[in-house]
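For clarity, every value in this text was computed on a predicted model and none was experimentally measured. To find a chain, count down the sequence lines: A is the first, B the second, and so on, and within it residues start at 1.
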2 protein chains.
Amino acid sequence: MNQSLIQHFEDYLRGQQLRLTDQRRLIINEFVRTQGHISAEELYRNIQKTTPSIGFATVYRTLKLLADAGLALGKNFGDGFVRFECCSLTVGHHDHLICNRCGKIIEFNNPTIEELQLAVAQEHGFIISDHSLDIHGVCQECTPGE
Amino acid sequence: MNQSLIQHFEDYLRGQQLRLTDQRRLIINEFVRTQGHISAEELYRNIQKTTPSIGFATVYRTLKLLADAGLALGKNFGDGFVRFECCSLTVGHHDHLICNRCGKIIEFNNPTIEELQLAVAQEHGFIISDHSLDIHGVCQECTPGE
DNA sequence: CTACATGCAAAGTGTTTGCTAGAAA
DNA sequence: TTTCTAGCAAACACTTTGCATGTAG
């Protein structure tokens, strides 16, 4: 899975006459390892632990590159910065459950909701290009009672 | 409707030993007039047309005040800044259709979707505090074909 | 009169960009 | 050896804050 993603990235770079550098390899590996939903800042700090020489800008630029390659997708979950999700890990569209306590993000997919969204859009004469459903709350592990 | 909102705001201010100033009155009136989904910057520029002496900071601070009073809710629609919606204008929860072309934001409410969200959350042991569904696309007026 | 509010400008965020040395192909 | 990339710092855009003056209560 990781392999195919990295392969895809290499192909993309080659196709654009871009270069696969150590830094880019590091960044994409860490990105995949954490399974996405990570911010540029977090990714930067994680990589810095083992490779302090890395710079912000490289992380930001590589994330942009991943997004351009269709491998990452930036999304604002309301905590002040963009989090990137790993597109090739989950097939198709998905929505999010976000824990207010621990920050965990769970993906889910409910075809019925998707259909209803389409219906609502049609009612209003909208042509959907994209949609996002975020459910904020408290996850099982963070629930005080149980 | 406007009246009750402004009344609510006055009550809130009094309760907090805060003051109802001309600026605050102007800001909340303009906010209500535009029916929300407005950014601080837009609100600031609108008010500046008639009252150039107004400052950014006052607009930002007043919006924060409105949010604290439960009358406004900041939300990021992905265009780089926070837009505030007018809480008392629409009763209950609602979701959004956002036009990629003209930026128009249409509110809607689909009880079935709401129920399904609740079900999904329960499946994952989540206790919902809030949720937001944004459908991006092209609205009827901006559709090229028809 | 006594807080609180205003407007200004300065500081803070997260993110992007320009530049020059350096490395991939 | 040519072109793209890295790291740094400066620039950016939106938002928040500190301060002295002004004003509601």
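Look at CZ on Phe9(B): it is 15 Å from P on dA24(D), rounded to the nearest Å. One can place CZ of Arg25(B) at 9 Å from P of dA24(D), the figure rounded to the nearest angstrom. Between the P atom of dG14(C) and the CG atom of Leu43(A) lies a distance of 15 Å, rounded to the nearest Å. For Glu42(B) and dT15(D), the CD to P distance is 10 Å, given to the nearest whole Å. A straight line from CZ of Phe56(B) to C1' of dG12(C) spans 15 Å, rounded to a whole angstrom. Straight-line distance from the CZ atom of Arg45(B) to the P atom of dA13(D): 13 Å, rounded to whole Å. Look at CG on Leu63(B): it is 15 Å from P on dC14(D), rounded to the nearest Å. In this structure, CG of Leu66(A) is placed 15 Å from P of dT15(C), rounded to the nearest angstrom.
Considering only heavy atoms from C-beta on, Tyr44(B) comes within 4.5 Å of Gln48(B) through its side chain. Taking the side chain as every heavy atom from C-beta outward, Thr62(A) and Gln23(A) never approach each other to under 4.5 Å. Counting only heavy atoms from C-beta outward, the side chains of Asp95(B) and Asn110(B) never approach each other to under 4.5 Å.
In this model, a side-chain donor or acceptor of Arg61(B) finds a partner on the base of dG7(C) within 3.5 Å.
Mapping Ala40(A) and Thr62(B) onto DNA chain C by nearest heavy atom places Thr62(B) closer to the 5' end of the strand. Along DNA chain D, the nucleotide closest to Pro52(A) and the one closest to Gln16(A) are compared, and the more 5′ of them pairs with Gln16(A). Toward the 5′ end of DNA chain D lies the nearest nucleotide of Leu13(A), the other residue of the pair Phe84(B) and Leu13(A) mapping further downstream.
Taking only side-chain nitrogens and oxygens, Arg24(B) comes nearer than 4.0 Å to OP1 or OP2 of dA5(C). Note on Gln23(B): a side-chain N or O is less than 4.0 Å away from OP1 or OP2 of dG7(C). Contact annotation: Gln17(B) side-chain N/O to dC4(C) OP1/OP2 distance is not under 4.0 Å. For the OP1/OP2 pair of dT15(C) and a distance below 4.0 Å, the side-chain nitrogens and oxygens of Tyr60(A) include at least one atom meeting the criterion.
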Could you walk me through whether Arg45(A) and Glu42(A) pass the salt bridge (charged side-chain N to carboxylate O under 4.0 Å, His left out) test, one step at a time? CA-CA 5 Å; Arg45(A) 277 205 299 265; Glu42(A) 286 167 348; 5.7 Å; no
Between Phe108(B) and Ile135(B), does a side chain to side chain contact (heavy atoms under 4.5 Å, CB included) hold up when you go through it step by step? CA-CA 10 Å; Phe108(B) 71 90; Ile135(B) 302 181; 4.0 Å; yes
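Residue Ser39(B) is classed as having no contact, given no heavy-atom separation below 4.0 Å to the nucleic acid.
Of the listed nucleotides (dT6(C), dC8(C), dT16(C)), dT6(C) has the atom at the smallest distance from the side chain of Thr58(B).
A side-chain donor-acceptor contact under 3.5 Å links Thr50(A) to the backbone of Ile47(A).
A side chain to side chain donor-acceptor pair (under 3.5 Å) with His37(A) holds for exactly one of Arg83(A), Lys104(A), His96(A); it is His96(A).
Applying the 6.0 Å contact sphere to NZ of Lys75(A) captures more than 12 heavy atoms from other residues, nucleotides or ligands.
Taking CG from Asp79(B) and NE2 from His136(B), the interatomic distance works out to 9.0 Å, rounded to the nearest 0.5 Å.
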In 5'-to-3' order, the base (B), backbone-only (S) or no-contact (-) status of each nucleotide in nucleotides 20-25 of chain C, using a 4.0 angstrom heavy-atom cut-off, is ---BBS
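Side chain to side chain, Asn100(A) and Ser129(B) meet the donor-acceptor criterion of an N or O pair below 3.5 Å.
Between its opening and closing five pairs, the helix from dC1(C)-dG25(D) to dA25(C)-dT1(D) changes axis direction by 30°, a value rounded to 10 degrees.
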